[in-house]
> 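The structure is given below, and queries will be raised subsequently.
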Amino acid sequence: MSHWSPEDARVLALPSGRLVRGRGLSAHPEVSPDPDFGLYLLAESVHGVPWHHTWIEWTDFGLPVDPTAAREALTTAWQRAAYERVEIACLGGLGRTGTALACLAVLDGLPPDTAIDLVRARYDTRAIETPEQVEFVSEFASAQPAPTDATVNSTQSRATRVGAYAVCIHDGSILLSHQISAGPAQGKWTLPGGGVDFGEEPAGAAIRECREESGLVPELGQVLGIHSNTYESSDGIERHGIRILYRAVFAEGRPEPMNPNDGEIDQVGWFALDDLPSPITDWARLGCRLATAVPSASV
């Protein structure tokens, strides 16, 4: 589970607590950190985007060519913003992006006028540039009832989340990160790792998350085990967390990580297996136990 920092520039906080970043691709062609998912509102499709993304055909100062497809994409972005870093972007980052952000605020439960006021007050006073875009937000609100968190899956009150984690042990020490963002690991030390994106290989997710959290790129070995539990998240949904634990090593042995302080993780470090920090997640303890009990195969 990853989130923007509310202190980041151009990050809009919705009433539900979701954080969404707006961006103008021409004004800010390169930003950090990368999103987990991007929604791009452009006249032509985007190319070379390394993260998961969706394109909505949408001309400058205009409206989406296919309003139904746009609503589906915006709903998906709103749902993913509950547990991922979601970015909304057009060329200038004002008209189309502001309109889309207002639609997300509508999905979050605000009336259209209030949603527009929120975006202009907390994102950019110039957002939502034309009367047609204002009207689009109003029509978006009346098209159908806004979804709720419970529509993330068909059970209406439950969701399953698969994660992948790197158990990096070297010379009696393990690499751990301290999570500050919302979730079952909030306020605890845990293994580098996180949610597997749609279509992503779990091993690739473990490597990506470790790189994002520590700046280090591990080499993965065998699956040590799987941790599974259920918990109720802050949005009221009962969630089933399934976490795949991989043995991992670094070619450099025990490199020093960097502390990202990205709003999700505020500390990363090596800790002796016989002197683990507290509090620590159950799956981090499981990874320690399995890594020392299961013979190491070649990576």
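Small disclaimer: the values here were computed from a predicted structure and weren't measured.
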> Let me confirm one number: the CG-OG distance from Leu276 to Ser173, rounded to the nearest 0.5 Å.
9.5 Å
> Testing the basics here: between Asp8 and Pro33, what is the closest heavy-atom pair and its distance to 0.1 Å?
OD2-CD, 4.4 Å
> Say whether, by atom type as modelled, one donor and one acceptor occur between the side chain of Thr97 and the main chain of Leu94 under 3.5 angstrom.
no
> Give, for atom CG of Leu220 and atom OH of Tyr165, the distance between the pair rounded to the nearest 0.5 Å.
14.0 Å
> Kindly say whether Glu129 contributes a backbone atom to a donor-acceptor pair with the side chain of Gln133 at under 3.5 angstrom?
yes
> Can you confirm whether more than 12 heavy atoms, excluding those of Arg254, are under 6.0 Å from its CZ atom?
yes
> Are Arg18 and Asp108 ion-paired here, with the side-chain N under 4.0 Å from a carboxylate O?
yes
> So which heavy atom on Glu200 is nearest to which on Gly195, and how close?
OE1-O, 4.3 Å
> Verify the neighbour count for atom CD of Glu201: are there more than 12 heavy atoms of other residues, nucleotides or ligands below 6.0 Å?
no
> Quick check: closest heavy atoms across Pro35 and Glu87, and the distance to 0.1 Å?
CB-CB, 3.8 Å
> Output the distance between atom CE (Met258) and atom CD (Glu213), rounded to the nearest 0.5 Å.
11.0 Å
> Going through the checks in order, is the side chain to side chain donor-acceptor pair (under 3.5 Å) test met by Thr190 and Gln179?
CA-CA 7 Å; Thr190 188; Gln179 182 172 319; 5.8 Å; no
> Report the distance from atom CD1 of Ile128 to atom CD1 of Ile116, rounding to the nearest 0.5 Å.
5.0 Å
> Minimum heavy-atom separation for Glu132 to Leu63, with atom names?
O-CD2, 3.6 Å
> Indicate yes or no for a side-chain donor-acceptor contact from Trp283 to the backbone of Gly287 under 3.5 Å, with no hydrogens or angles considered.
no
> Using 0.5 Å steps for rounding, measure from the CZ atom of Arg80 to the CG atom of Leu39.
10.5 Å
> Mark yes or no: Arg85 above the aromatic ring of Phe37, with NZ or CZ under 6.0 Å from the six-membered ring centre and no more than 45 degrees from the axis.
no
> Starting at CH2 of Trp189, measure out to CG of Leu175 and round the result to the nearest 0.5 Å.
9.5 Å
> So does Val86 get a backbone contact from the side chain of Trp4, meaning a donor-acceptor N/O pair under 3.5 Å?
yes
> Check the orientation of Phe250 and Trp270. Use parallel for under 30°, tilted for 30 to 60°, and perpendicular for over 60°.
perpendicular
> For the residue pair Tyr246 and Pro202, what are the closest heavy atoms and their distance?
OH-CB, 3.4 Å
> For Ile237 versus Ala159, what's the shortest heavy-atom pair and its separation?
CG2-N, 3.8 Å
